[in-house]
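Below: the structure, in structure tokens.
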Amino acid sequence: MATEAKRPPLLIKGNEAIVKGAVLAGCRTYFGYPITPASEIAEAAAKDFPAIGGTFIQAESETASINMVYGAASTGIRTMTASSGPGISLMQEGISYLACAELPCVVVSIMRGGPGLGNIGPEQGDYNQVVRIGGHGCYKNPVFAPSSGQEMCDLTMHAFEIADKYRTPVFVITDGFTGQMMEPVSFPDPIPLPPEKDWAVRADKETRENLISSIYIEHDELEEMNLKLQRKYAEIEKNEVLAEEFMVDDAEIVVVAYGIVSRVLRSTIRLARAEGIKVGMVRPISLWPFPKKQLEALAAKAQQMIVFELSNGQMVDDVRLSIHDNIPVRFYGRMGGNVPTPEECLDVIKRYAAEGGAK
Amino acid sequence: MASRPDRGRVEINADECKGCLLCVSVCPTQVLARTTNLNKQGYFSVGYTGSGCTGCGFCFYTCPEPGAITIRRLEKSA
Amino acid sequence: MSAPNYKPHLSRSEIFYPTFERKSGNKEVTHYCPGCGHGSLHKMIAESIQDLGINDRTIFVSPVGCSVFAYYYFDTGNIQAPHGRAPAVGTGAQRARPHSVVISYQGDGDLAAIGLNEILQAANRGEKMVVFFVNNAIYGMTGGQMAPTTLPGMRTTTTPMGRDTRLAGNPTRMCELISTLDAPIYVARGCLASPKHTMRTRKLVRKALKMQTEGKGFCFVEVLSACPTGWGMQPVDSHQWILDNMVPQFPLEIFVDKTDLDHDDYIPPKAPSPETFHEVIRIADAANQMAPAQPETKYKDPRIKVAGFGGQGVLLLGLGLAQCGMMEGRHVTWLPSYGPEMRGGTAHCHVNIADEEIGSPLISKPTVLVAMNQPSLTKFEGELVEGALVIMNSSMVPNKPKRKDLELLELPATAIAEELGNARAANMVVLGAYAGYTGVLSLETCLESLKTLIKRQALVDLNVKAITKGFEFGKAARG
Ligand SMILES: Cc1ncc(C[n+]2csc(CCOP(=O)(O)OP(=O)(O)O)c2C)c(N)n1
Ligand code: SF4
Ligand code: SF4
Ligand code: SF4
């Protein structure tokens, strides 16, 4: 995934690291609309994209942004947009089109508090919207969830590679904190631009016969297209799972958390270990494909799992499905922009530890 | 008849005609007409009545079908 | 007398595929109804593309509406767009491939209803594309519902009693609307209802496309066009209806023609060479690595909250702490308060500096509080761990903490900064004092960090003094 030849670190905001990563990955067009807490992405893109001979356009809406992405992706170049929940809601029609037309692109969502206008605090309430698909039809999209500045860069770069490899839109999602936070980030060398794509509409003779479309009027043809998509998704599920394990080897309790919450839990687990509680963590980095296998393997050894999210419990469904409810799966969530403290999470762990995990 | 040759020739591709009659309505010389030929699409195609076409092209541009009408013009130098 | 010789004059354009293979059923003819205006307009567009020799460069964006299948016909690059979004899709394609000739082909529902924003914005940006707007006063594809261009009193399936303008508004005149914008270079309305109008429209189409070959800007050609099916009319009658009813409502004019004027084109900067890439995107200059200071255990791995008024440089102070920590090879995080919280004029941030990888960047139990003003001390005092260090800007914090377990450094930061000539340097006084007092950071690191923190050269001197003064104060206070 990440490239070698890293340089000494720079203290930089997560949102800006995304743009640097995109540019280093060969992305040359950015189309977006401002929204807190994602606006720094558009702002950094407005500086960096023109500077490298690329294009930045502030679109009139997220609807327009995603359709500009659709147009640019149709011509075979790397392209992206970014927003937060309300904007991602507006993009759903376009994302469904992108998925069916098999157009590679990267969409970043810096989640904020919802529903409605909600607030701009950090939340993970858009897991379902992105991972379980907010648009129409039988599509999916890979979703990567960075939890540090370094990963904001690395996973954005990775997202472009996966997008091209499978001809699919790819999401990078995280919360407002990971977007706003500054951390040291080591930037790699730019990766070589991918070769021109033979399927694209590049406004030249070789590609004149190409068509980018999501229409399959004949039922059988559309079904065949859907089956093709499902085969692609099966490949992705086989090859592209990313997850990090933390102190799980002897864990009786396995915590599952992603993004900023995994950072909180890292602190919590150190506190718990100091008190002799055998707890570890799985941090899904790819939310789809979901690290089912890892969780299943751990469920065979552990007594219970506790899922921590900044939501009403969305990823927890995927955890339960992954381990077929073989051991109890508990849930603790905060919403509204509130992030639990390590101590608060420790209390939760202690409470469930006391209950035990009898099958 | 030793009259001057027509300036134009119109050819109707009967199977691509949808029988809308727009060409008939715009032809200044009234040389197009509906026929009794039921084409493979199920329309009564139009046809050229045989003489008088000026090659003005009105029917061509009015007709919505790409290949239903072809116009030829008399070679001037001939 | 030799037989007269007739040479081909007008025939099927080569820009149409020889047979329409993407179409099911009859592959010789279009999918349009008898007498539909779409087909006639397609022919004019194809003819111009052929004459201009631009089919390799052309990207034809088809809409959602009856012309959704335009890609069945045109032997050009083809993209099918979501309903109303063809101008946005076209924008993306044109910006990605600047040499392309982009055609956005749209109906009245697509362009003037659901896609009104996209068309106006693309026009306003002066996107290099030509838009062909088929105004047939109705939604053809979905079965004859009202369009924005439906005439007053006109019956459609959703205006069964006729369009009541008091309820459903008046017909939208798109050419007129777009003419109010500065960027479009050509805005014209034609009509496909009589030979005269048809031949004129052919010229409008040709001109607009020609402008694209010259790399000129946004061209908009509206075409009044028959939908015999939607209108429930014979094709020939539908043409008369256009002349009688639509033309009076939608005047056939050339509204804008700036095609002869020179255009001031946006030209993006050239791509930099790979060697200068990092410089160009401002990630080349990593800060120097400094020798780590060796603090007493009790000050190690601080969790610092910095709080104060907006103008006090609170966020920059936090950044300075994190920057210095990073330069000394430690793990650091900096997390600001953001959004409305900042609007009230107060700001705070969280800074972690640690030997180990950092978990939560959010600090719930700070070990250090920097209170630049009184409200900050009052607000955050309660969160601190037992025995935490409080650095209070005594120039602006008259009341000491209520808690007795806290370690207090009373630092007249604002006063010291004022003495140096600028109260705004108070934050750097604190940076120095924190380093001097706790030994977490070295003076050299703090000074070196200014290279990154302070962009304006003129302010460096002041800040060097501020840090140094603060450092001395902190060190002396520690004894
Ligand atoms: C988001 C969305 N809403 C509604 C539709 C249904 N729809 C398809 S075509 C159409 C109207 C097309 O009318 P117009 O643009 O006037 O084109 P015409 O068919 O008359 O050529 C509508 C509403 C859709 N495809 N997508
Ligand atoms: S205009 Fe074309 S389709 Fe209509 S009747 Fe004439 S030839 Fe046939
Ligand atoms: S070219 Fe002119 S004269 Fe000849 S058939 Fe067509 S409309 Fe009539
Ligand atoms: S419904 Fe109207 S616009 Fe659509 S193809 Fe038929 S005539 Fe043309």
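Every chain is numbered from 1 and lettered A, B, ... according to where its sequence line falls, protein lines coming before strand lines.
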I need the minimum non-hydrogen distance between [X] and [Y], along with the two atoms involved.
X: C:Val102; Y: C:Val61; result: CG1-CG2, 4.2 Å
X: A:Ala257; Y: A:Ser262; result: O-CB, 3.6 Å
X: C:Pro82; Y: C:Val64; result: C-CG2, 3.9 Å

List the steps, then state whether ring-ring contact (aromatic ring centres under 6.0 Å, His included) holds for C:Phe69 with C:Tyr72.
CA-CA 5 Å; C:Phe69 300 123; C:Tyr72 285 170; 4.6 Å; yes

May I ask you to name which of [options] has the most heavy-atom pairs under 4.5 Å with chain C?
options: A:Thr29, A:Asn210, A:Thr55, A:Val339; answer: A:Asn210
options: A:Lys13, A:Glu196, A:Glu206; answer: A:Glu196
options: A:Leu211, A:Thr268, A:Thr63; answer: A:Leu211
options: A:Ile57, A:Thr341, A:Val19; answer: A:Ile57
options: A:Gly176, A:Ser61, A:Gly94; answer: A:Gly176

Checking [X] against chain A: side chain, backbone, both or neither under 4.5 Å from a heavy atom?
X: C:Phe74; answer: neither
X: C:Arg282; answer: both
X: C:Asp285; answer: backbone
X: C:Phe60; answer: neither
X: C:Glu356; answer: side chain
X: C:Ile267; answer: neither
X: C:Ile363; answer: neither
X: C:Glu279; answer: neither
X: C:Ile281; answer: both

Check: A:Val185 and A:Leu10 side chains under 4.5 Å, non-hydrogen atoms
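In short, these two side chains do not touch, never coming nearer than 4.5 Å.
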
Neighbour count above 12 (heavy atom, 6.0 Å) for [X] [atom1]:
X: C:Glu386; atom1: CD; value: no
X: A:Tyr33; atom1: OH; value: no
X: C:Lys27; atom1: NZ; value: yes

Checking heavy atoms, do the side chain of [X], its backbone, both or neither come under 4.5 Å from chain C?
X: A:Phe177; result: both
X: A:Arg202; result: both
X: A:Glu209; result: backbone
X: A:Glu218; result: side chain
X: A:Ile217; result: side chain
X: A:Ile269; result: neither
X: A:Ile260; result: side chain
X: A:Val23; result: both
X: A:Glu343; result: side chain

Would you mind telling me which of [options] has the largest number of heavy-atom pairs within less than 4.5 Å of chain A?
options: C:His350, C:His83, C:Lys270; answer: C:Lys270
options: C:Thr91, C:Thr76, C:Val280; answer: C:Thr76
options: C:Ala284, C:Gly90, C:Gly359; answer: C:Gly359
options: C:Ala286, C:Ala287, C:Pro87, C:Ala122; answer: C:Ala286

Identify whether the distance between the nearest side-chain nitrogen and carboxylate oxygen of [X] and [Y] falls below 4.0 Å.
X: C:Glu357; Y: A:Arg270; value: no
X: A:Asp204; Y: C:Arg57; value: no
X: A:Glu344; Y: A:Arg334; value: yes
X: C:Asp301; Y: C:Arg330; value: no
X: C:Lys305; Y: C:Glu383; value: yes

For A:Phe246, give me all partners under ring pair (Phe, Tyr, Trp, His ring centres under 6.0 Å), at least two apart in sequence or on another chain.
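Not a single residue meets the ring pair (Phe, Tyr, Trp, His ring centres under 6.0 Å) criterion with A:Phe246.
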
Working to the nearest 0.5 angstrom, can you tell me the gap between C:Glu448 CD and C:Gln323 CD?
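Between C:Glu448 CD and C:Gln323 CD, I get 9.5 Å after rounding to 0.5 Å.
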
Given 3.5 Å as the limit, does a donor-acceptor pair link the side chain of C:Thr367 with the main chain of C:Arg303, or not?
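Answer holds: yes.
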
